[in-house]
Amino acid sequence: MKDSTRTALFVAVRTLVAAACVALVVVERRTIGWGHLGIMLLALAGLMALLASYNRRYQ
């Protein structure tokens, strides 16, 4: 696999994961409960993990 193709796949996957995490936070925001709060926290943890992996690459 070419490096440019691999890079494009990583960017696409990261974008989809980030969009899914943001969508989870927005959808679960409307309901009240510990379960929904847990899902929102997991989605936020996913966003933080994506940011950490991005920043580690450019240190």
For Val27, the hydrophobic cluster (side chain heavy atoms closer than 4.5 Å, chained through members) also holds none
Considering only heavy atoms from C-beta outward, does the side chain of Leu51 approach that of Asn55 to under 4.5 Å? yes
Connected to Tyr58, directly or through other members, by ILVMFWY side-chain contacts below 4.5 Å are Tyr54
Contacts table for residues 2-18: side-chain donor-acceptor under 3.5 angstrom, sequence neighbours left out:
residue: Thr7; atom: OG1; partner: Asp3; partner atom: O; Å: 2.8
residue: Thr15; atom: OG1; partner: Val11; partner atom: O; Å: 2.7

Residue pairs passing the side-chain hydrogen bond (donor to acceptor under 3.5 Å, both in side chains) test with at least one member in residues 40-53, sequence neighbours excluded, are none
Applied to residues 40-51, the side-chain hydrogen bond (donor to acceptor under 3.5 Å, both in side chains) test, sequence neighbours excluded, yields none
Output side-chain donor-acceptor pairs under 3.5 Å for residues 32-42, partner residues at least two apart or in another chain, one line each.
residue: His36; atom: ND1; partner: Glu28; partner atom: OE1; Å: 2.3
residue: His36; atom: ND1; partner: Thr31; partner atom: OG1; Å: 3.1

